[in-house]
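Here is the structure we will look at, set down as structure tokens.
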There are 4 protein chains.
Amino acid sequence: MNDSGQGPGSSARPKRKDAQRNQQTLLEAAASVFVTSGVEAPVRDIAAKAGVGMGTIYRHFPTRADLVIAVYRHQVDACAEAGPTLLATGPTPHAALGQWVDLFVDFLVTKHGLAAAMQGEGTGFETLHAYFLERLLPVCTQLLDAATASDEIRADLDAYQLLRGIGNLCIGAESDPRYDARQLVALLVAGLRQPH
Amino acid sequence: MNDSGQGPGSSARPKRKDAQRNQQTLLEAAASVFVTSGVEAPVRDIAAKAGVGMGTIYRHFPTRADLVIAVYRHQVDACAEAGPTLLATGPTPHAALGQWVDLFVDFLVTKHGLAAAMQGEGTGFETLHAYFLERLLPVCTQLLDAATASDEIRADLDAYQLLRGIGNLCIGAESDPRYDARQLVALLVAGLRQPH
Amino acid sequence: MNDSGQGPGSSARPKRKDAQRNQQTLLEAAASVFVTSGVEAPVRDIAAKAGVGMGTIYRHFPTRADLVIAVYRHQVDACAEAGPTLLATGPTPHAALGQWVDLFVDFLVTKHGLAAAMQGEGTGFETLHAYFLERLLPVCTQLLDAATASDEIRADLDAYQLLRGIGNLCIGAESDPRYDARQLVALLVAGLRQPH
Amino acid sequence: MNDSGQGPGSSARPKRKDAQRNQQTLLEAAASVFVTSGVEAPVRDIAAKAGVGMGTIYRHFPTRADLVIAVYRHQVDACAEAGPTLLATGPTPHAALGQWVDLFVDFLVTKHGLAAAMQGEGTGFETLHAYFLERLLPVCTQLLDAATASDEIRADLDAYQLLRGIGNLCIGAESDPRYDARQLVALLVAGLRQPH
DNA sequence: TATGAATGAGCCTTCATTCAT
DNA sequence: TATGAATGAAGGCTCATTCAT
């Protein structure tokens with residue numbers, strides 16, 4: 001059905017070319033607006049930045065969360081995938097955990113308002129929150145388990161709690177030069193270490 | 001601060017009592033509304049709860065931050081004053097720091113949306129943020145310094161950073177049963193300890 | 001509480017004078033707009049016509065149905081009250097029914113889109129519909145019962161059905177010169193008469 | 001009407017078959033959507049149901065009324081054609097009228113929102129309205145005339161008026177179990193009978 | 001010809017803030 | 001001084017309709 005009307009001998013998809021370009025434009029515009037105005041920026045602004053109508057945004061991303069997820073999906077995925085790698089190559093599980101956490105913090109700190117938006121329930125970002133958990137919770141759990149198994153850290157912190165804590169520590173980090181989320185997160189991870 | 005501008009020996013004193021009562025009513029109503037709807041609750045709701053007009057609120061507290069500060073001033077002050085006491089009576093400076101931090105967390109966690117509201121710049125809560133710093137920064141600094149002096153903790157964390165981190169960790173704590181801000185803050189403070 | 005601040009010796013309500021005037025203006029504007037654009041006219045239009053902001057309308061009439069009811073309440077009430085009177089003074093119950101129905105038709109026919117708006121469920125006019133029934137159903141029932149008791153009409157039509165039918169017959173009546181709702185309603189009422 | 005513009009002996013005939021099939025698909029899809037969502041259903045829904053693009057619908061039926069007419073043409077025609085038959089076979093003209101009216105009501109009542117859509121001027125359904133009149137007015141006139149000629153009914157109701165009244169009485173009939181359009185229409189027709 | 005992406009007008013609703021009474 | 005009515009900017013969302021591919 002999608003292939004009909006296509007010239008003979010061609011193997012490429014015919015129709016969507018402009019739409020794809022548009023989608024790309026949209027993602028870039030959104031990312032850009034998110035940087036300056038946060039992920040709660042008015043739909044109108046994003047549309048304007050992209051040079052499209054608002055309807056176009058709603059078509060591609062029915063929900064604001066859909067848009068945000070699309071904008072950051074690659075980076076979240078990359079972060080998730082880095083976990084096992086770090087665990088395999090790092091000197092110790094605890095060190096791997098530290099490095100992975102740094103990656104996560106780097107991501108969050110550069111996303112204006114992202115960390116903040118994922119808090120609260122009636123905000124419509126539940127989907128986004130869920131996506132983060134779906135991707136990162138298993139990885140974080142794996143890292144924590146490994147570090148626990150090697151007796152490096154205390155066992156009483158679950159991954160959800162850790163992720164949430166890191167997320168919170170990253171709120172507002174990019175706009176306050178006196179605030180260094182990385183240091184605090186490092187402290188948190190240091191606090192995990194077995195007292196002896 | 002509220003008394004200045006009132007000439008001594010003025011005959012308008014009786015009037016003031018009314019105003020004070022009104023102010024008190026206002027503070028109680030605001031506190032109550034803050035508990036259920038957060039510190040960003042609509043002005044009208046607060047006015048309704050207090051049984052006064054909105055204009056009255058604006059008269060007494062031109063800015064929302066003014067109102068919030070007034071509501072929590074006593075508790076912030078109490079927290080600030082507890083610092084030296086704990087330091088004097090506690091077994092070690094680091095222990096005193098831990099207890100003081102617990103106090104601060106207890107305060108924040110029970111204030112729906114307070115911690116979140118103090119983040120971000122364009123939110124109009126800069127004054128509130130400033131008040132917290134003005135009162136708590138010296139105390140926190142004193143505690144950190146003492147613990148550093150006694151060689152219990154590393155010296156590379158300044159009080160601003162710590163307060164901000166604690167504040168962030170408290171965001172959304174009351175609405176998520178899976179999230180325990182106290183544990184994370186404890187971890188953070190634990191991370192401060194000297195490796196040996 | 002509402003009386004304080006009032007000049008001594010006055011017995012009139014102090015504050016609401018302008019609001020009352022405004023409410024009146026609103027009702028008149030709404031009535032006027034309803035005539036030309038129907039009861040589904042945009043809120044903005046009504047506000048513009050009244051020379052007020054939209055918020056003012058929402059304050060006085062949170063729901064569109066509230067506004068419509070307010071606009072037509074007097075007339076509906078008058079219609080309801082006319083029922084018993086006509087029954088008492090009319091030659092026969094059936095004649096009274098006919099006269100009452102004429103009153104109702106006169107009312108509906110002059111209200112652009114009112115009859116149409118009360119149909120359908122997801123339209124937000126349920127309240128309006130309910131108000132009409134609440135006021136007119138008892139009256140209509142009374143008239144029908146009387147006519148039935150005097151053996152003038154068949155007994156198999158209930159008041160709801162009749163009101164609904166009349167309402168429907170009045171739809172679009174004012175805009176089509178070739179259509180005479182009154183005649184049709186008269187026919188309907190005539191059809192009620194006992195075959196013998 | 002649809003055939004004009006096609007030269008005889010044209011070689012484009014094969015293409016036409018496609019278009020016809022498409023048109024048929026469209027009509028069925030539209031009919032189906034009309035049943036559930038009414039004749040004002042979003043264009044997109046109809047296109048989706050038919051598995052075609054929206055543009056295709058606009059090509060075949062530039063106006064929504066065009067589509068609706070096409071969907072119901074057969075049934076309207078059948079209704080129109082039933083008139084003379086009933087007149088010829090019925091016991092009396094008035095009985096024939098009653099039966100024909102029943103047919104019309106049956107048709108309307110089962111078409112969600114059709115009756116309502118034909119009211120009002122700015123709705124874009126004028127064409128549809130006109131089509132109904134074009135087909136049914138002559139038939140209805142014939143039936144009324146016959147009944148008048150046989151002295152069964154009063155002569156003062158014209159066919160337009162009657163059709164319009166029936167149409168109105170059918171509005172909203174399928175969604176309200178307490179409302180029985182057939183009974184009311186029967187009453188209306190009964191009311192036509194000569195008092196004696 | 002068919003497709004469906006894009007457009008954007010149009011409506012709704014909420015609330016911070018001002019200001020007449 | 002207190003009140004709360006009025007204002008209107010701000011933002012959300014839905015489709016009918018057009019038009020590039």
Side-chain angles (χ1 to χ4, degrees), chain A residues 1-2 4-7 14-23 25-26 40-45 47-48 50-60 62-64 124, chain B residues 12 15 18-19 22 40-45 47-48 50-60 62-64 124, chain C residues 1-2 4-7 13-23 25-26 40-45 47-48 50-60 62-64 124, chain D residues 12 15 18-19 22 26 40-45 47-48 50-60 62-64 124:
Chain A
M1 190 184 277
N2 268 325
S4 65
Q6 174 61 169
K15 286 302 198 85
R16 262 47 137 277
K17 209 153 6 166
D18 62 323
Q20 274 178 350
R21 200 196 312 280
N22 223 318
Q23 176 130 347
T25 310
L26 227 44
E40 313 237 36
V43 177
R44 267 186 185 74
D45 291 0
V52 305
M54 292 176 313
T56 304
I57 293 187
Y58 280 101
R59 161 183 296 277
H60 288 290
T63 281
R64 181 186 297 273
Chain B
K15 202 75 169 286
D18 257 48
N22 220 320
E40 314 237 36
V43 178
R44 203 185 307 273
D45 292 1
V52 306
M54 294 171 306
T56 305
I57 293 187
Y58 278 97
R59 164 174 304 275
H60 289 291
T63 283
R64 181 185 296 268
Chain C
M1 189 184 279
N2 267 327
S4 66
Q6 174 59 170
R13 268 78 115 278
K15 288 300 198 87
R16 265 42 138 278
K17 211 157 358 167
D18 60 325
Q20 273 178 350
R21 199 195 314 280
N22 223 318
Q23 177 131 346
T25 309
L26 228 43
E40 314 237 35
V43 177
R44 263 192 189 71
D45 292 1
V52 304
M54 293 175 311
T56 305
I57 293 187
Y58 281 99
R59 161 183 296 278
H60 288 290
T63 283
R64 181 186 298 271
Chain D
K15 202 84 171 278
D18 256 49
N22 219 319
L26 229 43
E40 314 238 35
V43 178
R44 203 184 305 275
D45 291 1
V52 306
M54 293 173 306
T56 305
I57 292 187
Y58 278 96
R59 165 176 303 275
H60 288 293
T63 283
R64 181 185 295 269

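Letters A, B, ... are given to chains in the order of the sequence lines, protein chains preceding strands, and every chain is numbered from 1.
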Worksheet item: If only side-chain N and O atoms of A:H60 are considered, is one of them under 4.0 Å from the OP1 or OP2 phosphate oxygen of E:dA6?
Response: yes

Discussion item. Defining pairs by Watson-Crick or G-U wobble geometry with both distances under 3.5 Å, how would you list the stems of DNA chain E with at least three pairs each?
Written reply: E:2-21 with F:2-21

Worksheet item: Whole Å only: how far is the CZ atom of C:R21 from the C1' atom of F:dA5?
Response: 14 Å

Practice prompt. Have a look at A:G51 and say if it touches a base, only the backbone sugar-phosphate, or nothing, with a 4.0 Å heavy-atom cut-off.
Written response: sugar-phosphate

Discussion item. I need the A:R59 CZ to A:L26 CG distance, nearest 0.5 Å.
Written reply: 11.5 Å

Pairs: protein N or O with nucleotides 14-18 of chain E N or O, under 3.5 Å:
unit_1 : atom_1 : unit_2 : atom_2 : d
E:dA16 : OP2    : B:V43  : N      : 3.2
E:dT17 : OP2    : B:Y58  : OH     : 3.4

Practice prompt. Would you mind reading off the distance between A:Q20 atom CD and E:dG4 atom P, rounded to a whole angstrom?
Written response: 15 Å

Discussion item. If the cut-off is 4.0 Å, is C:T56 near the phosphate of F:dA5, judged by side-chain N/O to OP1 or OP2?
Written reply: no

Discussion item. Could you tell me how far apart A:R59 (CZ) and E:dA6 (C1') are, to the nearest whole angstrom?
Written reply: 7 Å

Worksheet item: Roughly, in whole Å, what's the span from CD in C:Q23 to P in F:dG4?
Response: 16 Å

Practice prompt. Please report the shortest heavy-atom distance between C:Q23 and C:H60, naming the atom on each side.
Written response: OE1-ND1, 2.7 Å

Worksheet item: Which whole-number value in Å describes the distance from C:N22 CG to F:dA5 C1'?
Response: 8 Å

Worksheet item: Would you say B:T56's side chain and B:V52's backbone share a donor-acceptor pair under 3.5 angstrom?
Response: no

Worksheet item: Just wondering, do A:T63 and A:Y58 contact through their side chains at under 4.5 Å, heavy atoms?
Response: no

Fill in: N/O donor-acceptor pair under 3.5 Å between C:R64 side chain and C:A41 backbone
yes

Worksheet, complete the sentence: d(B:I57 CD1, B:R44 CZ) to nearest 0.5 Å is 10.5 Å

